[in-house]
Amino acid sequence: MAYWLVKTDPDSYSWDNLVKDKKVVWDGVRNYQARNNLMKMLIGDEVLVYESQSPKIVTGITTVTKEYFPDPTTEDNAWVAVELKFKKSFKKHVSLEDIKSLPELGNIALIRQSRLSVMPLTADEFEIICSMGK
DNA sequence: GCCAACGTTGGC
DNA sequence: GCCAACGTTGGC
């Protein structure tokens, strides 16, 4: 079981949308590094969702329900999508500030590589963020 | 709204 | 194949 974090721009697709939809095809990724991460996701992996803009927060947890397939939003088969299912909303959203304040999380790509939209987390990093979010 | 960081494109 | 120019992302 692996752990991931994906970023979304709430103007285009927000956590609230996902809570209503229950499932979403995570498409539109146009960055090779991010795509390579999508391709490594396996069914059952847990994926945190982060909203950029303001406020910048991790909102909850999803699980992978479909492994990668061609991105339906483009004919270019270089790009792939996965399907994610709602699992849980955090009682307390975890802000970027909270994450930055913890030395244990100083290495995650969210901080080191702010433009990457799909990134791996270690089990420890995942657990720390979940324990802050409850 | 600005700008730094980064990825991509295209001329050489 | 290098690198300058450009576009985009995302934090502030």
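Atom set for the values below is all heavy atoms of this structure, side chains included, hydrogens, waters and symmetry mates excluded.
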#### Entry: Candidate pair Lys92(A) and Asp98(A), rule salt bridge (Lys or Arg N to Asp or Glu O under 4.0 Å), full reasoning
CA-CA 11 Å; Lys92(A) 179 178 170 300; Asp98(A) 292 337; 3.8 Å; yes
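- Sorted by residue number, the members of residues 107-119 of chain A with any non-hydrogen atom under 4.0 Å from DNA chain B read Gln113(A), Arg115(A).
- Applying the ring pair (Phe, Tyr, Trp, His ring centres under 6.0 Å) criterion to Phe86(A), with sequence neighbours excluded, gives Trp15(A).
- A salt bridge is absent between Glu51(A) and Lys56(A); no separation between the charged side-chain nitrogens and carboxylate oxygens falls under 4.0 Å.
- Residues from residues 95-103 of chain A placing a heavy atom under 4.0 Å of any atom in DNA chain C, listed by number, are Leu96(A), Lys100(A).
- Between Asp71(A) and Thr73(A), the side chains place a donor N or O and an acceptor N or O closer than 3.5 Å (distance only, hydrogens not considered).
- With sequence neighbours excluded, the residues satisfying side-chain contact (heavy atoms from CB on, under 4.5 Å) with Tyr32(A) are Arg35(A), Trp79(A).
- The two residues Ser89(A) and Val19(A) have their closest heavy-atom pair at OG-CG2, 3.8 Å.
- The closest side-chain donor-acceptor pair between Trp4(A) and Asp45(A) falls under 3.5 angstrom.
- The closest donor-acceptor contact from the side chain of Thr62(A) to the backbone of Val47(A) lies under 3.5 Å.
- Taking atom CG of Asp9(A) as the reference point, atom C1' of dG11(C) lies 13 Å away to the nearest angstrom.
- A distance-only check finds no donor-acceptor pair linking the side chain of Thr63(A) to the backbone of Gly44(A) [under 3.5 Å].
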#### Entry: Check against side-chain hydrogen bond (donor to acceptor under 3.5 Å, both in side chains), Thr122(A) and Asp124(A)
CA-CA 5 Å; Thr122(A) 66; Asp124(A) 284 349; 5.2 Å; no
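- For the segment residues 53-62 of chain A, the set of residues with a heavy atom within less than 4.0 Å of an atom of DNA chain C comprises Lys56(A), in numerical order.
- Here the rule is side chain to side chain contact (heavy atoms under 4.5 Å, CB included) with Met41(A), and of Asn37(A), Ile43(A), Leu38(A) only Leu38(A) fits it.
- A heavy-atom distance below 4.0 Å to DNA chain C is reached by none of the residues of residues 26-38 of chain A.
- Linking ILVMFWY residues whenever their side-chain heavy atoms come closer than 4.5 Å, directly or via other members, places Val94(A) and Leu96(A) in the same cluster.
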